[in-house]
Participant: 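Have a look at this one.
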Amino acid sequence: MNPTPQPSITEPARQTPVIDEVDVLVLGGGPAGLAAAASAARCGARTLLVERYGFLGGMGTAAGVTNFCGLHANVHGVIRRVVQGVGAELLERIDALGGLNAPHLLFGARMAAQAYDTAAYKVAADELLAASGARVLLHAWVAGVLMRDTERLDAIVVETKSGRAAIRAQYFIDCTGDGDVAAFAGVPYEKGADGEAMMYPSTMMRIGGVDPVRAGEAWRHVAGRMQAAQARGETFTRQGPILRPQKNPTEWRANVTQLARADGGPVDGTDAWQLSAAEGEGRRQAAHFLGFLRRDMPGFEDAYLLDLPPQLGIRETRRIVGDYVLSEDDVLQCASFDDTVGVNGWPVEEHAAGRVEWRWPHGTQDAAGRAASRGYNHLPWRMLLPRGMDNLLVAGRCASMTHGGQSAARVSGACFVMGQAAGTGSALALRRAIPPRRLPAGDLQDELRRAGAWLGLDGDPLPAPI
């Protein structure tokens, strides 16, 4: 329950210093923001990325996700890495630091994910941005926007340890995850399936001190042992646990908590009071799960909490309304679009009350027993273009999607794709002095291909199997 609202106060007017003027301003340093800033800078735009934390990586580092989803797709029964370009370069840099696991198969080899070390991710992200020529401003929180007119942003207002400041740009890319910039600018947005039923957040945890020999393939047994514990009266907030080893086999990650309001609904990641209450509850749930592991899971007897991340793992808040709204049917039917900027290969993964619901792309099996579905949907350029705005793009989990569509395309693989397209498209629009929506899709696609992206169009060579 939020405290009773207090009367408002009137702040005195003040002069806000403009601390920078750039071509492309990227807000948010997660997968979408990293790819956007690197791509815009490499296309010749003076680019600045603004991030609220002292490091980059978004939910992958700040929320301790430690696992890339959506880099791969099951293409007619063969697992292939369908996210290339900037995302592939970041993986190479993490791997060079010794922080990347080989992809691991899930659900009977229907899909794959890839674990990484968060410290290596942070360093690799720094290296990627530095190599691209993009500049970075850390410890800066988006506090508002200033408009040139109803269709164009003029500047972003940020709060920093140096005080309140403004940054001007020609083009803006909202990669905040919560769509903060778009919301401040008055762009229409949606939340959840009905305005409230968003996906539930989680507190991620890393566990040290695991005996990998005795633990074995613990991920195959943890759900059954949780059910046995529940039969004895123990309570867990969520079924469908994820428990997997990291690069160091004595270190594991767990994704098993679920954060709800007092009325049982999902915590809203844009509500500071709800977030504050949920942080402590998430740590309580993590400690409880550790106790279960030490008692009931072989190899975890001496385990300890190695890390609890700086914030909750937020899956869904605002989703802006763009020129096209990617739907769950688009995901399940492996939709194609002429203006594709890349693909999403992750199924619908909806975190509902107490459980995780999976829905898979449609398709039967062919005579050889292979999946007939191509296993991915195109991501159209139009889903990055907020309605009514001429110099703002939105990439990442706050892009234009329905609740069901976002349940799939919110993951890091699709965010890399959207970010690279947004950064590249902004730089091309800058060269031509046009709004991004007037940019011919074919020109953008040609530039993306030159930068190594895979678009999933007929005639594009398939990436190699993993």
Side-chain angles (χ1 to χ4, degrees), residues 28-35 37-38 49 51 53-72 79 81-106 111-132 134 136 138 175 202-212 215 217-219 242-255 286 303-311 313 346 396 411-417 419-420 452 463-464 466:
L34 286 170
L49 185 152
E51 164 59 38
Y53 287 111
F55 52 86
L56 304 171
M59 292 293 104
T61 51
V65 174
T66 67
N67 187 51
F68 289 126
C69 297
L71 297 174
H72 305 84
I79 304 295
R81 194 175 77 190
V82 293
V83 176
Q84 301 290 332
V86 174
E89 180 183 339
L90 180 69
L91 261 66
E92 291 170 2
R93 292 181 179 277
I94 296 173
D95 195 26
L97 292 163
L100 188 66
N101 268 10
H104 58 274
L105 299 177
L106 304 167
M111 56 196 289
Q114 194 161 11
Y116 57 84
D117 176 75
T118 52
Y121 187 173
K122 292 175 184 178
V123 175
D126 291 339
E127 293 176 348
L128 175 70
L129 268 294
S132 75
V136 180
L138 302 176
C175 301
S202 294
T203 294
M204 298 293 294
M205 56 192 292
R206 283 192 297 144
I207 303 152
V210 179
D211 180 337
E217 295 183 338
W219 58 87
I242 297 172
L243 183 67
R244 282 276 181 170
Q246 295 297 105
K247 183 70 172 178
N248 181 336
T250 68
E251 176 187 324
W252 290 52
R253 72 181 184 280
N255 178 352
Y304 57 90
L305 282 178
L306 178 64
D307 182 55
L308 290 172
Q311 73 149 85
W346 200 249
V411 297
S412 47
C415 289
F416 283 126
V417 169
Q420 183 163 0
I466 63 171

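In this text, all values refer to a predicted model and were calculated from it rather than measured experimentally. Numbering of residues begins at 1 and proceeds along the displayed sequence.
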Participant: Rounded to the nearest 0.5 Å, what's the gap from CZ on F416 to CG on L34? Could you check?
Facilitator: 6.5 Å
Participant: Is V65 close to N255 at the side-chain level, that is, under 4.5 Å between some pair of heavy atoms?
Facilitator: no
Participant: Would you check, one step at a time, whether the test side-chain contact (heavy atoms from CB on, under 4.5 Å) holds for L105 with I466?
Facilitator: CA-CA 10 Å; L105 299 177; I466 63 171; 4.2 Å; yes
Participant: Nearest 0.5 angstrom please: R206 CZ to Y304 OH, how far?
Facilitator: 10.0 Å
Participant: Where the side chain of E251 meets the backbone of I207, is there a donor-acceptor pair that is under 3.5 Å apart?
Facilitator: no
Participant: When you measure from the side chain of Y116 to the backbone N and O of G60, does any donor-acceptor pair fall under 3.5 Å?
Facilitator: yes
Participant: Which heavy-atom pair separates P31 from C415 by the least distance, and what is that distance?
Facilitator: CB-CB, 3.9 Å
Participant: Step by step, would you call L91 with F68 a side-chain contact (heavy atoms from CB on, under 4.5 Å)?
Facilitator: CA-CA 10 Å; L91 261 66; F68 289 126; 3.7 Å; yes
Participant: Under a 3.5 Å cutoff, is there a donor and acceptor pairing between the side chains of R244 and N67?
Facilitator: no
Participant: Is there a donor-acceptor pair under 3.5 Å between the side chain of K247 and the backbone N or O of N101?
Facilitator: no
Participant: Hey, mind stepping through L90 and Y121 against side-chain contact (heavy atoms from CB on, under 4.5 Å) and telling me if it holds?
Facilitator: CA-CA 8 Å; L90 180 69; Y121 187 173; 3.5 Å; yes
Participant: Write down the atom of A115, the atom of R253, and the distance for their closest heavy-atom approach.
Facilitator: CB-NH1, 3.5 Å
Participant: Could you measure the distance from the NE2 atom of H72 to the CD1 atom of I79? Nearest 0.5 Å is fine.
Facilitator: 8.5 Å
Participant: Specify whether W252 and W219 have parallel, tilted or perpendicular ring planes, treating 30° as the upper limit for parallel and 60° as the lower limit for perpendicular.
Facilitator: tilted
Participant: Would you compute the distance between atom CG of L128 and atom CD of E92 and round it to the nearest 0.5 angstrom?
Facilitator: 10.5 Å
Participant: Examine distances only and state if a side-chain atom of T118 and a backbone atom of G64 form a donor-acceptor pair shorter than 3.5 Å.
Facilitator: no
Participant: When rounded to the nearest 0.5 angstrom, what distance separates CG in D126 from CZ in R93?
Facilitator: 10.5 Å
Participant: Can you tell me how far the CG atom of L308 sits from the CE atom of M205, to the nearest 0.5 Å?
Facilitator: 6.5 Å
Participant: Please find the pair of heavy atoms, one from L97 and one from A124, that lie closest to each other, and give the distance.
Facilitator: CD1-N, 3.9 Å
Participant: Is the backbone of C69 close enough, under 3.5 Å, to the side chain of S412 for a donor and an acceptor to pair up by distance?
Facilitator: yes
Participant: Which pair of non-hydrogen atoms, one from G208 and one from L306, has the smallest distance, and what is that distance?
Facilitator: N-CB, 3.7 Å
Participant: Does the side chain of I94 reach to within under 4.5 Å of the side chain of D117, using non-hydrogen atoms?
Facilitator: no
Participant: Quick check: closest heavy atoms across V210 and A303, and the distance to 0.1 Å?
Facilitator: CG2-CB, 4.5 Å
Participant: Taking all atoms of both residues into account, what is the closest heavy-atom pair of A38 and V86, and its distance?
Facilitator: CB-CG1, 4.5 Å
